[in-house]
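The structure under discussion appears below in the form of structure tokens.
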Number of protein chains: 2
Amino acid sequence: MAQTKNHLKSIATRTIQEKGVNGLSFRDLAAEANIKSSSVHYYFPQKADLIYEVTKEYTDAFFQALHKIDQLSKHSVERLDALLDLYKKNLPGRFCLCGMLAAESNQLDNKTKDLLSRFFVKTQKWLREVIEDLPSNGATPAGLSSVLLSSLEGALLMDGVKGKEKYLTEVQKFIRGLV
Amino acid sequence: MAQTKNHLKSIATRTIQEKGVNGLSFRDLAAEANIKSSSVHYYFPQKADLIYEVTKEYTDAFFQALHKIDQLSKHSVERLDALLDLYKKNLPGRFCLCGMLAAESNQLDNKTKDLLSRFFVKTQKWLREVIEDLPSNGATPAGLSSVLLSSLEGALLMDGVKGKEKYLTEVQKFIRGLV
DNA sequence: TCTTGATTATCTATCAGAAGATAGATAAAA
DNA sequence: TTTTATCTATCTTCTGATAGATAATCAAGA
């Protein structure tokens, strides 16, 4: 069933967010899904296939979430707030999947690295368009969106150490100060 | 000799920056230093000891570099520029050691996590003091330094995927725009 | 409807290699 | 003669991966 495959992807996503690609093993994954590790290979012949599919699903879901924000919130400030909530959902204990993969990108195949690049490019583009609706405040939308995306990924990374929302909260305050 | 131990720490530091803690093995480390893996255990009984000592050395060296910046540059803008250069030195191919460890912090012992926390706290404090010397620009020094530290870590993380300095450069432009 | 054959989803069993770690020998240096 | 720095040899556990058996489901043709 597609149910088992989805279950595996869901466990794998969380495990990678918590422990990284090298912290995910077929055995532990299988045990958590109550099947044998050989059965995991039935759905994902190689580990790289699993990583790729997990990344595809995560990024697609993230883009859909951005789209939903666009529909539900019409004002830039609300949209930025909603994005912050999206990031905060990972804490405590998890990092952005794409941030984690970026840290380990030396060990990824090119297909997956392309998904990663696209994730950052698209998310930055979304941010830029939101910022373009704000009253001008010195920095260009292109530049500011890059800095904001960087700070979101970095804040989530550092907040993971203590499980708090310290840095993310500062980023949020900063964003609110832009208006 | 202390030479061998330092050599091991140097190789381990670079390897963790490139591949993470789980991407570092005693065997590969030993091979690169032309000794046997059992000899690595002579210097570092457990892998956790190696990680701890490497982190200690890295953070100490980083704080010394900040101190040197304080001595060589007297103006805030120069100091921030020098910090940016410190971060850029990692590219292409490497991430900030503490950023990498933060991503994998679920698998670290408390001693090493404490070093990590101190690294971020101290670096943020340094940034805050530099920013306090700048003309006020809306945000508080405490808040802005948090955001800048986040964006530096995040920018280095994302730039690692393509090996370019795209995001770090945008952070640098943003910093220059603060004055 | 019954039979047959393919497809799907799992299992058992096993492999080769890598991992961290330890015991104990050895040789040089202090 | 004790300490320092290395080695050989080995252990256990974990890793990704493969081969082949086994049911169960399902579709098609007689």
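Residue numbers start from 1 in every chain, and the chains themselves are labelled A, B, ... in the order their sequence lines are given, proteins ahead of strands.
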Return yes if some donor-acceptor pair links the side-chain N/O of Lys162(B) with the main-chain N/O of Met158(B) below 3.5 Å, else return no.
-> no

Test item: Glu78(B) side-chain N/O and Ser73(B) main-chain N/O as donor-acceptor pair under 3.5 Å = no

In whole Å, I'd like the distance from the [atom1] atom of [X] to the [atom2] atom of [N].
X	N	atom1	atom2	answer
Lys36(B)	dT10(D)	NZ	P	14 Å
Ile35(B)	dC7(D)	CD1	P	6 Å
Leu29(B)	dA19(C)	CG	C1'	13 Å
Asp28(B)	dG17(C)	CG	C1'	12 Å
Gln107(B)	dA19(C)	CD	P	15 Å

State whether a side-chain donor-acceptor pair under 3.5 Å links Thr112(A) with Asp109(A).
-> yes

Going by atom types alone, do Tyr87(B) and Glu153(B) pair a side-chain donor with an acceptor below 3.5 Å?
-> yes

Separation between CE (Met100(B)) and OG1 (Thr55(B)), nearest 0.5 Å, reads 12.5 Å

ILVMFWY clustering at 4.5 Å (side-chain atoms), partners of Leu72(A) | none

Starting from the 5' end of DNA chain C, give me the residue, Asn34(A) or Tyr42(A), whose nearest nucleotide shows up first.
-> Tyr42(A)

If an axis is fit to five pairs at each end of the helix from dT1(C)-dA30(D) to dA30(C)-dT1(D), what is the angle between the two, to the nearest 10°?
-> 0°

For DNA chain C, what residues of residues 11-25 of chain B have any heavy atom nearer than 4.0 Å?
-> Leu24(B), Ser25(B)

In terms of ring plane angle, is the pair Phe174(A) and Phe174(B) parallel, tilted or perpendicular, where the classes change at 30° and 60°?
-> perpendicular

Please state whether the rings of Phe120(B) and Tyr167(A) are parallel, tilted or perpendicular, taking 30° and 60° as the class boundaries.
-> perpendicular

Inspect the contact between Asp81(A) and Arg176(A) and indicate whether a charged nitrogen and a carboxylate oxygen are less than 4.0 angstrom apart.
-> yes

Counting only side-chain N and O atoms of Thr4(B), is one of them less than 4.0 Å from OP1 or OP2 of dA5(D)?
-> no

Output all residues satisfying ring-ring contact (aromatic ring centres under 6.0 Å, His included) with Tyr52(A), sequence neighbours left out; order by chain, then residue number.
-> none

Would you please name every residue forming a side-chain contact (heavy atoms from CB on, under 4.5 Å) with Ala82(B), sequence neighbours left out?
-> Ile69(B)

Determine, for nucleotides 21-30 of chain C in 5'-to-3' order, which nucleotides have protein heavy atoms under 4.0 Å from the base (write B), from only the sugar-phosphate (write S), or from neither (write -).
-> BBB-------

